[in-house]
Protein chains: 2
Amino acid sequence: MPSSIEYIEKLRKSNLRPTKQRIKICEVLFNADKTFHFTISDLAKMIEVNANQKISLATVYNTIHAFEKKGYLKEIAINSSQTYFDTNTSNHHHFFDEKEKELIDLENDGLDPINIKKNIPGKIIKSVEVLVKVDVDK
Amino acid sequence: MPSSIEYIEKLRKSNLRPTKQRIKICEVLFNADKTFHFTISDLAKMIEVNANQKISLATVYNTIHAFEKKGYLKEIAINSSQTYFDTNTSNHHHFFDEKEKELIDLENDGLDPINIKKNIPGKIIKSVEVLVKVDVDK
DNA sequence: AAATAGTTAATAATGATTCTAAATTGTATG
DNA sequence: CATACAATTTAGAATCATTATTAACTATTT
């Protein structure tokens, strides 16, 4: 479990000032045993439980977007009223449980390799995301 | 190009009353030469241009969701402030041009077959969507 | 033609996200 | 260490897509 000093270094390296708020958010996101998926409101709740400090919602949004730009997080494409983020930034895909509104990792060994044969002139591929929607059988 | 009588039949078969509004929306969506992608606000504009009748935004939303449930349309998973729909309901995938905020079809012959090897106990796969984000090279 | 159940429409409400401007804080410099 | 300045935080307002509300309207059944 990284110490706050490591997060300070990490933030500095990314040209993000290591503020109390950013360090706290790093702790909540990156001290976990496993990577996980979250929405901003999930995260706000986690901070509240975990925190001896209150972080403004605007700051949570700012910070998460800053972290996403720096590659600390990935945003996951699903149609939902809320945006989901993933602390697992490795190349992988997702199941989305329609009933639980919950994401589940689909690692690359869980599917045949994706190979895009078509290309768009003048454009380069930035990402390839597979979303497998699942639901209870009925 | 189907006539309005065909849309009336189509709607009746789906247990949707063939109202003026629904027929008009069918015309705008399904009289096009090619399938296309749209947002609700795109569609509202198309109706306005095309129409001798005004359709309430609430009705546009209701109708599009009704059509989606009946399988006339597919909703496409992307993270965007607006939801995208596709009049192409066949099994296929998408590019998303980050610059133009535009979807482009990626037919099944444009990529190697998708084969999901992992499964989620108690759940069945409802859909598999591949989203390839592209942008100008820079 | 009347009854009724489904549909439409205008508008209000909601909820996630972004914006704003003022207060605060981190950091570089003297 | 004190100061200056730019970056950051904050609370709350604003935005915008979408959904809810409910009264008026319409398609269909009897």
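Just so it is clear: chains get the letters A, B, ... in the order the sequence lines come, proteins before strands, and each one is counted from 1.
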Rounded distance in Å - [atom1] ([X]) to [atom2] ([N]):
| X | N | atom1 | atom2 | value |
| --- | --- | --- | --- | --- |
| B:Ile25 | C:dT7 | CD1 | C1' | 12 Å |
| B:Lys24 | D:dT26 | NZ | P | 17 Å |
| A:Gln21 | C:dG26 | CD | P | 8 Å |
| A:Asn15 | C:dG26 | CG | P | 17 Å |
| B:Leu11 | D:dT26 | CG | P | 18 Å |
| A:Lys54 | D:dG12 | NZ | C1' | 11 Å |
| A:Ile64 | C:dT18 | CD1 | C1' | 16 Å |
| B:Asn62 | C:dT8 | CG | C1' | 8 Å |

What's the closest nucleotide to the side chain of [X] if the choices are [options]?
| X | options | result |
| --- | --- | --- |
| B:Arg22 | D:dT9, C:dA16, C:dT7 | C:dT7 |
| B:Tyr61 | D:dT19, D:dT9, D:dA27 | D:dT19 |
| B:Ile55 | C:dG26, C:dA9, D:dT9 | C:dA9 |
| B:Lys20 | C:dG26, C:dA9, D:dT26 | D:dT26 |
| A:Arg12 | D:dT8, C:dT27, C:dT11 | C:dT27 |
| B:His65 | C:dC19, D:dT28, D:dT19 | D:dT19 |

message = Is the phosphate of D:dT8 approached by A:Thr19 (side-chain N or O, under 4.0 Å from OP1 or OP2)?
response = no
(message) Within the 4.0 Å heavy-atom criterion, would you say A:Ser41 contacts the bases, only the backbone, or no part of the nucleic acid?
(response) nothing
Assign B:Ser81 to base, sugar-phosphate, or nothing according to its heavy-atom contacts below 4.0 angstrom with the strands shown.
sugar-phosphate
Quick test of your reading of the model: are A:Asp137 and B:Lys123 salt-bridged, counting only N-O distances below 4.0 Å? no
* Asked: Salt bridge between B:Glu129 and A:Lys133, side-chain N to carboxylate O under 4.0 Å?
  -> yes
The answer to which of B:Arg17 and B:Leu57 contacts DNA chain D further toward the 5' end, by nearest nucleotide, is B:Leu57
Only residue of A:Asp86, A:Asp109, A:Thr35, A:Asn108 satisfying side-chain hydrogen bond (donor to acceptor under 3.5 Å, both in side chains) with A:His92 is A:Asp86
### Query
For A:Tyr72 and A:Thr87, what are the C-alpha separation, side-chain angles and deciding distance, and is it a side chain to side chain donor-acceptor pair (under 3.5 Å)?
CA-CA 7 Å; A:Tyr72 299 4; A:Thr87 64; over 6 Å; no
Between A:Val60 and A:Ile55 the two heavy atoms that sit nearest each other are CG2-CG2, 3.8 Å
